[in-house]
Amino acid sequence: MKPAIIGIPYDEQSSYMRGAAEAPPLIREAFHSAASNYWSESGIDLKSVEIFDAGDIEAVSGIAMMAKIDQEIRTLVDAGYCPISLGGDHAITFPIMRGIAAKHPRLSILHFDAHPDLYDEFEGNRYSHACPFARIMEAGLVERLVQVGIRTMSGHQRTQVERFGVEVIEMKNLREEMDLRFDTPVYISFDIDGLDPAFAPGVSHREPGGLSTRQALNIINRIDVPVAGADIVEFNPRQDHTGVTAFVCAKLLKEIAAKIITTSR
Ligand code: MN
Ligand code: MN
């Protein structure tokens, strides 16, 4: 499948700080910046393969945006594209997965995050960015959910992990040689705060003790099953005072796009 980029300027379900809605143009700018080139580390020239840019979803206020995201992702998937969503808070992953799962009866999620995002509700909101993976697992949209980089597990969320059979690789247990195996297509949901704030300070929830950019890239590069789609979420430009986090997002975009291409050949 061919990768397609789609921006999602929506951060209304953020519990602590707004700003993730402003991410899409900055990730695009870093991706196209003359500071680097279009080659992935895996040897794909992303200049020569056409990456369709579907533009940004026009944001609507409130929960109506959820249905709109679902619809726009379905449209891309039906047209034969593999969507890579840029920007937004993590709440958008639930409607994205509805759209993706409509085409993929068997699916696993590889989820990078400091947080499990498994709350049944957060401050009374079931669509909060703290809840998307509870909604996804309740709806039975995927066979497996594998979380990497977690370092904020709460008691309630540990119960949710048991309830849904989530495979959690907590940051404290991460080993360099860890090799994740998938036997279904995999969807990559990348919350930028899964990385250590030393590498990616431009996030709303800076949680020390996270993955290095290199560790995350190595995990992605070892995927050997088709990639059904991806999102790069929770990048908050208001917190990105040096602009480095935009380039981290662009680097992830590059390697994920290349992975989509190489695993679908
Ligand atoms: Mn998250
Ligand atoms: Mn997070």
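Along the sequence shown, residues are numbered consecutively beginning with 1. Values below: every heavy atom of this structure, side chains too, minus hydrogens, waters and symmetry copies. Remember, it's 1-based here, ligands and their atoms both numbered in the order they're listed.
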Requested in this report: Answer yes if the side chains of H205 and D193 hold a donor-acceptor pair under 3.5 Å, and no otherwise.
Outcome: no

Query raised in the report: Just wondering, do R144 and F182 contact through their side chains at under 4.5 Å, heavy atoms?
Result: yes

Query raised in the report: So, is H115 placed with an N/O/S atom under 2.8 Å from the Mn ion (ligand 2), counting both backbone and side chain?
Result: yes

Query raised in the report: How open is the angle at the Mn ion (ligand 2) from atom OD2 of D193 over to atom OD1 of D113, rounded to 10 degrees?
Result: 140°

Query raised in the report: Can you tell me if an N/O/S atom from D117 lies under 2.8 Å from the Mn ion (ligand 1)?
Result: yes

Query raised in the report: What N, O or S atom of D191 is found closest to the Mn ion (ligand 1)?
Result: OD2

**Report entry** Ring centroid separation F133 to F94 under 6.0 Å
**Finding:** no

Requested in this report: Considering only NZ, NE, NH1 and NH2 on the basic side and carboxylate oxygens on the acidic side, decide whether K259 and E41 come within less than 4.0 Å.
Outcome: no

Query raised in the report: Measuring to the Mn ion (ligand 1), does H90 have an N/O/S atom at a distance below 2.8 Å?
Result: yes

Report summary line: The reported gap from CD1 in I8 to OG in S85 (rounded to nearest 0.5 angstrom) is 4.0 Å

